[in-house]
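Source: prediction; values computed, not measured. Here is how names work: the chains are called A, B, and so on, in the same order as the sequence lines, proteins then strands, and each is numbered from 1. Just so you know, these numbers use all the heavy atoms, side chains as well, and skip hydrogens, waters and symmetry mates.
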There are 2 protein chains.
Amino acid sequence: MSGLIRIATAECFTHGKIAREIHAFSQGYPLSYKWTINPKNYKLSLIAGLFIPTISGIKKILKFEPLPPTEVIDDIKVYDETADKKMAKKMAMAIKDITGADVGIGTTAGVGRGGIAVISDEIEAIGSSDVYADLRSSPATEIMKRQQSGVEKALKLLEDTLPSII
Amino acid sequence: MSGLIRIATAECFTHGKIAREIHAFSQGYPLSYKWTINPKNYKLSLIAGLFIPTISGIKKILKFEPLPPTEVIDDIKVYDETADKKMAKKMAMAIKDITGADVGIGTTAGVGRGGIAVISDEIEAIGSSDVYADLRSSPATEIMKRQQSGVEKALKLLEDTLPSII
(Lines give C-alpha, C1' and ligand atoms only; values in the text may rest on other atoms or scores of the structure.)
Protein backbone atom coordinates (compact mmCIF):
# COMPACT_ATOMS: atom_id res chain seq x y z
CA MET A 1 0.00 0.00 0.00
CA SER A 2 1.14 3.56 -0.57
CA GLY A 3 -0.25 7.05 -0.17
CA LEU A 4 -2.92 7.94 2.37
CA ILE A 5 -3.17 5.73 5.45
CA ARG A 6 -6.74 5.75 6.70
CA ILE A 7 -7.26 5.27 10.43
CA ALA A 8 -10.34 4.81 12.62
CA THR A 9 -10.55 4.48 16.42
CA ALA A 10 -13.03 3.04 18.92
CA GLU A 11 -11.97 4.38 22.30
CA CYS A 12 -13.10 4.03 25.86
CA PHE A 13 -10.64 5.20 28.55
CA THR A 14 -8.79 7.47 26.10
CA HIS A 15 -12.02 9.42 25.40
CA GLY A 16 -11.33 9.97 21.68
CA LYS A 17 -8.04 11.75 22.36
CA ILE A 18 -6.06 9.35 20.16
CA ALA A 19 -8.32 10.26 17.25
CA ARG A 20 -7.92 13.99 17.91
CA GLU A 21 -4.12 13.71 17.96
CA ILE A 22 -4.11 11.79 14.67
CA HIS A 23 -6.53 14.21 13.02
CA ALA A 24 -4.56 17.26 14.19
CA PHE A 25 -1.27 15.73 12.97
CA SER A 26 -2.86 14.97 9.60
CA GLN A 27 -4.05 18.58 9.35
CA GLY A 28 -0.63 20.04 10.16
CA TYR A 29 -1.25 21.31 13.70
CA PRO A 30 -0.12 18.52 16.07
CA LEU A 31 -1.46 18.82 19.63
CA SER A 32 0.42 17.49 22.68
CA TYR A 33 1.88 14.20 21.39
CA LYS A 34 5.49 14.36 20.19
CA TRP A 35 5.40 12.52 16.87
CA THR A 36 8.64 10.91 15.73
CA ILE A 37 7.44 10.22 12.19
CA ASN A 38 7.91 12.77 9.44
CA PRO A 39 4.58 14.10 8.11
CA LYS A 40 6.15 14.22 4.65
CA ASN A 41 6.63 10.45 4.72
CA TYR A 42 3.32 9.53 6.29
CA LYS A 43 0.09 11.02 5.07
CA LEU A 44 -2.59 10.02 7.58
CA SER A 45 -6.37 10.47 7.44
CA LEU A 46 -8.65 10.01 10.42
CA ILE A 47 -11.92 8.58 9.09
CA ALA A 48 -13.56 8.69 12.49
CA GLY A 49 -12.80 8.55 16.22
CA LEU A 50 -15.49 6.98 18.39
CA PHE A 51 -15.63 7.42 22.15
CA ILE A 52 -17.83 4.61 23.43
CA PRO A 53 -17.91 4.16 27.22
CA THR A 54 -21.10 2.10 27.36
CA ILE A 55 -22.12 -1.50 26.75
CA SER A 56 -25.11 -0.36 24.70
CA GLY A 57 -22.90 1.88 22.55
CA ILE A 58 -20.63 -1.08 21.74
CA LYS A 59 -23.61 -3.20 20.75
CA LYS A 60 -25.42 -0.56 18.73
CA ILE A 61 -22.49 1.10 16.93
CA LEU A 62 -19.75 -1.55 16.74
CA LYS A 63 -22.34 -4.34 16.44
CA PHE A 64 -20.67 -7.09 18.41
CA GLU A 65 -21.53 -8.77 21.67
CA PRO A 66 -19.12 -7.49 24.36
CA LEU A 67 -17.37 -9.92 26.70
CA PRO A 68 -19.28 -10.22 29.98
CA PRO A 69 -17.97 -7.35 32.18
CA THR A 70 -16.81 -7.81 35.77
CA GLU A 71 -19.20 -5.02 36.68
CA VAL A 72 -21.55 -2.55 34.98
CA ILE A 73 -22.01 0.93 36.48
CA ASP A 74 -24.73 3.00 34.77
CA ASP A 75 -24.21 1.06 31.51
CA ILE A 76 -20.41 1.63 31.71
CA LYS A 77 -18.48 -1.63 31.44
CA VAL A 78 -15.69 -2.61 33.82
CA TYR A 79 -13.19 -5.37 32.85
CA ASP A 80 -9.90 -6.62 34.24
CA GLU A 81 -6.70 -6.12 32.24
CA THR A 82 -6.81 -9.45 30.41
CA ALA A 83 -10.39 -8.89 29.26
CA ASP A 84 -9.62 -5.23 28.43
CA LYS A 85 -6.94 -6.39 25.97
CA LYS A 86 -9.36 -8.80 24.31
CA MET A 87 -12.07 -6.13 24.15
CA ALA A 88 -9.65 -3.52 22.77
CA LYS A 89 -8.80 -5.92 19.95
CA LYS A 90 -12.46 -6.59 19.21
CA MET A 91 -13.17 -2.85 19.17
CA ALA A 92 -10.20 -2.17 16.85
CA MET A 93 -11.26 -4.89 14.44
CA ALA A 94 -14.90 -3.78 14.46
CA ILE A 95 -14.19 -0.12 13.68
CA LYS A 96 -11.63 -1.13 11.02
CA ASP A 97 -14.22 -3.37 9.35
CA ILE A 98 -17.09 -0.88 9.58
CA THR A 99 -15.12 2.02 8.13
CA GLY A 100 -12.88 0.08 5.76
CA ALA A 101 -9.85 1.74 7.40
CA ASP A 102 -6.26 0.56 6.91
CA VAL A 103 -5.70 0.74 10.68
CA GLY A 104 -8.18 0.24 13.52
CA ILE A 105 -7.38 1.30 17.08
CA GLY A 106 -9.29 0.13 20.17
CA THR A 107 -8.89 1.05 23.86
CA THR A 108 -10.65 0.16 27.10
CA ALA A 109 -9.63 0.17 30.78
CA GLY A 110 -11.45 -0.92 33.91
CA VAL A 111 -9.31 -2.46 36.65
CA GLY A 112 -5.61 -2.48 35.73
CA ARG A 113 -3.52 -0.73 33.10
CA GLY A 114 -6.12 -1.22 30.39
CA GLY A 115 -5.97 -2.65 26.87
CA ILE A 116 -4.78 -0.98 23.67
CA ALA A 117 -4.97 -2.58 20.21
CA VAL A 118 -3.62 -1.34 16.88
CA ILE A 119 -4.75 -3.58 14.04
CA SER A 120 -3.92 -3.54 10.34
CA ASP A 121 -4.04 -6.29 7.73
CA GLU A 122 -0.30 -6.80 8.32
CA ILE A 123 0.11 -6.29 12.06
CA GLU A 124 -1.68 -6.83 15.34
CA ALA A 125 -0.16 -4.85 18.20
CA ILE A 126 -1.69 -5.24 21.66
CA GLY A 127 -0.49 -3.34 24.73
CA SER A 128 -1.42 -1.51 27.92
CA SER A 129 -0.87 1.89 29.45
CA ASP A 130 1.91 2.24 32.04
CA VAL A 131 -0.47 3.28 34.84
CA TYR A 132 -2.58 1.04 37.07
CA ALA A 133 -5.99 2.36 38.11
CA ASP A 134 -9.40 1.09 39.14
CA LEU A 135 -12.34 2.77 37.41
CA ARG A 136 -14.52 1.95 40.41
CA SER A 137 -12.37 3.43 43.16
CA SER A 138 -9.30 5.38 41.92
CA PRO A 139 -9.37 9.19 42.20
CA ALA A 140 -9.93 11.14 38.97
CA THR A 141 -6.25 12.18 38.96
CA GLU A 142 -5.14 8.53 38.67
CA ILE A 143 -7.77 7.81 36.00
CA MET A 144 -6.47 10.83 34.05
CA LYS A 145 -2.85 9.66 34.38
CA ARG A 146 -3.83 6.26 32.99
CA GLN A 147 -5.67 7.98 30.16
CA GLN A 148 -2.68 10.17 29.29
CA SER A 149 -0.35 7.16 29.30
CA GLY A 150 -2.84 5.21 27.17
CA VAL A 151 -3.02 7.92 24.52
CA GLU A 152 0.79 8.06 24.28
CA LYS A 153 1.22 4.30 24.20
CA ALA A 154 -1.41 3.90 21.48
CA LEU A 155 0.18 6.57 19.28
CA LYS A 156 3.61 4.98 19.81
CA LEU A 157 2.19 1.59 18.79
CA LEU A 158 0.67 3.26 15.73
CA GLU A 159 4.00 4.86 14.79
CA ASP A 160 5.73 1.49 15.16
CA THR A 161 3.10 -0.11 12.95
CA LEU A 162 3.14 2.41 10.09
CA PRO A 163 6.36 1.24 8.35
CA SER A 164 4.83 -2.20 7.80
CA ILE A 165 1.71 -0.71 6.23
CA ILE A 166 3.25 1.63 3.67
CA MET B 1 -39.62 10.42 30.88
CA SER B 2 -37.76 10.39 34.15
CA GLY B 3 -34.44 9.13 35.47
CA LEU B 4 -31.38 8.70 33.29
CA ILE B 5 -31.19 10.86 30.16
CA ARG B 6 -29.15 9.02 27.54
CA ILE B 7 -27.21 11.17 25.08
CA ALA B 8 -25.18 10.41 21.95
CA THR B 9 -23.20 12.79 19.74
CA ALA B 10 -21.94 12.80 16.14
CA GLU B 11 -19.42 15.64 15.94
CA CYS B 12 -17.26 17.19 13.31
CA PHE B 13 -15.77 20.62 14.14
CA THR B 14 -16.17 20.07 17.89
CA HIS B 15 -13.94 16.95 17.70
CA GLY B 16 -15.87 14.93 20.29
CA LYS B 17 -15.39 17.55 22.99
CA ILE B 18 -19.12 17.91 23.62
CA ALA B 19 -19.27 14.20 24.39
CA ARG B 20 -16.29 14.41 26.74
CA GLU B 21 -17.87 17.29 28.67
CA ILE B 22 -21.15 15.39 29.05
CA HIS B 23 -19.40 12.19 30.10
CA ALA B 24 -17.21 14.00 32.64
CA PHE B 25 -20.24 15.84 34.09
CA SER B 26 -22.12 12.55 34.36
CA GLN B 27 -19.16 10.99 36.21
CA GLY B 28 -18.90 13.86 38.69
CA TYR B 29 -15.71 15.55 37.43
CA PRO B 30 -16.84 18.34 35.06
CA LEU B 31 -14.12 19.64 32.71
CA SER B 32 -14.07 23.22 31.39
CA TYR B 33 -17.76 23.92 30.69
CA LYS B 34 -19.64 25.78 33.43
CA TRP B 35 -22.84 23.79 33.80
CA THR B 36 -25.86 25.64 35.15
CA ILE B 37 -27.95 22.51 35.77
CA ASN B 38 -27.78 20.70 39.09
CA PRO B 39 -26.32 17.18 38.73
CA LYS B 40 -28.76 16.05 41.44
CA ASN B 41 -31.68 16.96 39.18
CA TYR B 42 -30.28 15.68 35.91
CA LYS B 43 -28.67 12.27 35.69
CA LEU B 44 -27.03 12.09 32.26
CA SER B 45 -25.38 9.14 30.50
CA LEU B 46 -23.20 9.48 27.43
CA ILE B 47 -23.82 6.38 25.32
CA ALA B 48 -21.20 7.40 22.76
CA GLY B 49 -19.48 10.44 21.24
CA LEU B 50 -18.43 10.10 17.60
CA PHE B 51 -15.92 12.41 15.96
CA ILE B 52 -16.47 12.02 12.22
CA PRO B 53 -14.64 14.52 10.00
CA THR B 54 -14.92 12.52 6.78
CA ILE B 55 -17.54 11.87 4.13
CA SER B 56 -16.77 8.15 4.20
CA GLY B 57 -17.14 8.06 7.99
CA ILE B 58 -20.61 9.61 7.73
CA LYS B 59 -21.66 7.04 5.15
CA LYS B 60 -20.19 3.99 6.88
CA ILE B 61 -21.04 4.77 10.50
CA LEU B 62 -24.11 7.03 10.40
CA LYS B 63 -25.40 5.30 7.26
CA PHE B 64 -26.94 8.21 5.40
CA GLU B 65 -26.02 9.95 2.18
CA PRO B 66 -24.44 13.33 3.06
CA LEU B 67 -25.55 16.51 1.27
CA PRO B 68 -23.21 17.28 -1.63
CA PRO B 69 -20.32 19.30 -0.09
CA THR B 70 -19.04 22.59 -1.52
CA GLU B 71 -15.60 21.02 -1.48
CA VAL B 72 -13.87 17.84 -0.33
CA ILE B 73 -10.29 17.98 0.96
CA ASP B 74 -8.74 14.57 1.64
CA ASP B 75 -12.21 13.09 2.25
CA ILE B 76 -13.05 15.96 4.68
CA LYS B 77 -16.32 17.64 3.77
CA VAL B 78 -16.72 21.42 3.51
CA TYR B 79 -20.21 23.00 3.58
CA ASP B 80 -21.56 26.53 3.93
CA GLU B 81 -23.49 27.51 7.05
CA THR B 82 -26.96 26.67 5.70
CA ALA B 83 -25.88 23.20 4.63
CA ASP B 84 -23.92 22.73 7.89
CA LYS B 85 -27.15 23.25 9.86
CA LYS B 86 -28.98 20.71 7.73
CA MET B 87 -26.13 18.22 8.03
CA ALA B 88 -25.85 18.75 11.81
CA LYS B 89 -29.54 17.86 12.10
CA LYS B 90 -29.10 14.74 9.97
CA MET B 91 -26.10 13.68 12.06
CA ALA B 92 -27.99 14.25 15.33
CA MET B 93 -30.99 12.25 14.13
CA ALA B 94 -28.82 9.42 12.80
CA ILE B 95 -26.83 8.93 16.00
CA LYS B 96 -30.01 9.22 18.10
CA ASP B 97 -31.66 6.51 15.99
CA ILE B 98 -28.64 4.18 15.90
CA THR B 99 -28.02 4.28 19.64
CA GLY B 100 -31.62 4.65 20.81
CA ALA B 101 -30.58 7.74 22.79
CA ASP B 102 -33.05 10.24 24.29
CA VAL B 103 -31.00 13.11 22.85
CA GLY B 104 -28.85 13.21 19.71
CA ILE B 105 -26.34 16.02 19.11
CA GLY B 106 -24.76 16.79 15.72
CA THR B 107 -22.13 19.39 14.72
CA THR B 108 -20.32 20.35 11.52
CA ALA B 109 -18.62 23.52 10.28
CA GLY B 110 -16.97 24.38 6.98
CA VAL B 111 -17.35 27.98 5.81
CA GLY B 112 -19.22 30.12 8.35
CA ARG B 113 -20.18 29.70 11.98
CA GLY B 114 -21.14 26.04 11.54
CA GLY B 115 -24.24 24.05 12.43
CA ILE B 116 -25.24 22.58 15.79
CA ALA B 117 -28.31 20.40 16.35
CA VAL B 118 -29.78 19.03 19.58
CA ILE B 119 -32.63 16.62 18.88
CA SER B 120 -35.00 14.80 21.19
CA ASP B 121 -38.47 13.37 20.62
CA GLU B 122 -39.86 16.59 22.09
CA ILE B 123 -37.54 19.30 20.80
CA GLU B 124 -35.42 20.19 17.80
CA ALA B 125 -32.89 22.94 18.56
CA ILE B 126 -30.67 24.14 15.72
CA GLY B 127 -27.97 26.79 16.13
CA SER B 128 -24.48 27.94 15.21
CA SER B 129 -21.29 28.88 17.01
CA ASP B 130 -20.58 32.60 17.53
CA VAL B 131 -17.36 32.54 15.49
CA TYR B 132 -16.97 32.76 11.71
CA ALA B 133 -14.17 30.74 10.14
CA ASP B 134 -13.28 29.06 6.85
CA LEU B 135 -11.94 25.53 7.17
CA ARG B 136 -10.05 25.98 3.90
CA SER B 137 -8.19 29.19 4.74
CA SER B 138 -8.57 30.37 8.36
CA PRO B 139 -5.58 29.99 10.70
CA ALA B 140 -5.73 27.18 13.27
CA THR B 141 -6.33 29.74 16.04
CA GLU B 142 -9.60 30.88 14.40
CA ILE B 143 -10.68 27.29 13.78
CA MET B 144 -10.03 26.55 17.45
CA LYS B 145 -12.04 29.61 18.57
CA ARG B 146 -14.97 28.43 16.46
CA GLN B 147 -14.63 24.96 17.98
CA GLN B 148 -14.61 26.31 21.54
CA SER B 149 -17.68 28.43 20.87
CA GLY B 150 -19.40 25.47 19.22
CA VAL B 151 -18.84 23.22 22.22
CA GLU B 152 -20.26 25.85 24.59
CA LYS B 153 -23.26 26.64 22.39
CA ALA B 154 -24.11 22.96 21.98
CA LEU B 155 -23.96 22.32 25.73
CA LYS B 156 -26.09 25.42 26.36
CA LEU B 157 -28.66 24.17 23.83
CA LEU B 158 -28.60 20.79 25.60
CA GLU B 159 -29.17 22.44 29.00
CA ASP B 160 -32.09 24.43 27.57
CA THR B 161 -33.56 21.23 26.13
CA LEU B 162 -33.33 19.04 29.23
CA PRO B 163 -36.37 20.44 31.14
CA SER B 164 -38.65 19.43 28.27
CA ILE B 165 -37.28 15.87 28.29
CA ILE B 166 -37.55 15.02 31.98
Original post:
What do you reckon, is CE of M93(A) surrounded by more than 12 foreign heavy atoms closer than 6.0 Å?
Top reply: no
**OP:** Check each atom of K59(A) against the heavy atoms of chain B and say whether the ones under 4.5 Å are side chain, backbone, both or neither.
**Re:** neither
**OP:** Identify the heavy atoms of A48(A) and P53(B) that sit nearest to each other, and give their distance.
**Re:** CA-CD, 4.2 Å
Subject >> Common cluster, V111(B)/V131(B), ILVMFWY with side-chain heavy-atom separation under 4.5 Å >> reply: no
**OP:** Let me know if E11(A) has heavy atoms under 4.5 Å from chain B in its side chain, its backbone, both or neither.
**Re:** neither
Original post:
Does any heavy atom of chain B fall under 4.5 Å from the side chain of H15(A), the backbone, both, or neither of them?
Top reply: both
Original post:
For the atom pair CD1 (I61(A)) and CD1 (I98(B)), what is the distance rounded to the nearest 0.5 Å?
Top reply: 7.0 Å
Subject >> Distance-minimising heavy-atom pair for L31(B) and M144(A) >> reply: CD2-CE, 4.2 Å
Subject >> In one Ile/Leu/Val/Met/Phe/Trp/Tyr side-chain cluster, 4.5 Å: I95(A), I105(A) >> reply: no
Original post:
Considering only heavy atoms, which portion of I76(A) lies under 4.5 Å from any heavy atom of chain B: side chain, backbone, both, or neither?
Top reply: side chain
Original post:
Which one, G49(B), G57(B), S26(B), A10(B), leads in non-hydrogen pairs under 4.5 Å with chain A?
Top reply: G49(B)
Subject >> L46(A) reachable from L62(B) in the ILVMFWY side-chain graph, under 4.5 Å edges >> reply: no
Subject >> chain B contact via I55(A) - side chain, backbone, both or neither, heavy atoms under 4.5 Å >> reply: neither
Original post:
Side chain, backbone, both or neither: which part of T99(A) has a heavy atom under 4.5 Å from chain B?
Top reply: both
Original post:
What's the shortest heavy-atom distance between D74(B) and S45(A), and which atoms?
Top reply: O-OG, 4.2 Å
**OP:** Return yes when atom NZ of K90(A) has more than 12 non-hydrogen atoms of other residues, nucleotides or ligands closer than 6.0 Å, and no otherwise.
**Re:** no
**OP:** Would you kindly confirm whether L158(A) and L50(A) end up in one hydrophobic cluster when ILVMFWY residues are joined by side chain heavy atoms under 4.5 Å apart?
**Re:** no
Subject >> Under 4.5 Å from any heavy atom of chain A - which part of I143(B) >> reply: neither
Original post:
Do you know the tightest heavy-atom contact between I47(B) and I52(A)?
Top reply: O-CG2, 4.0 Å
**OP:** Say whether Y42(A) and I119(A) are linked into one hydrophobic cluster, either directly or through other cluster members, by side-chain heavy-atom distances under 4.5 angstrom.
**Re:** no
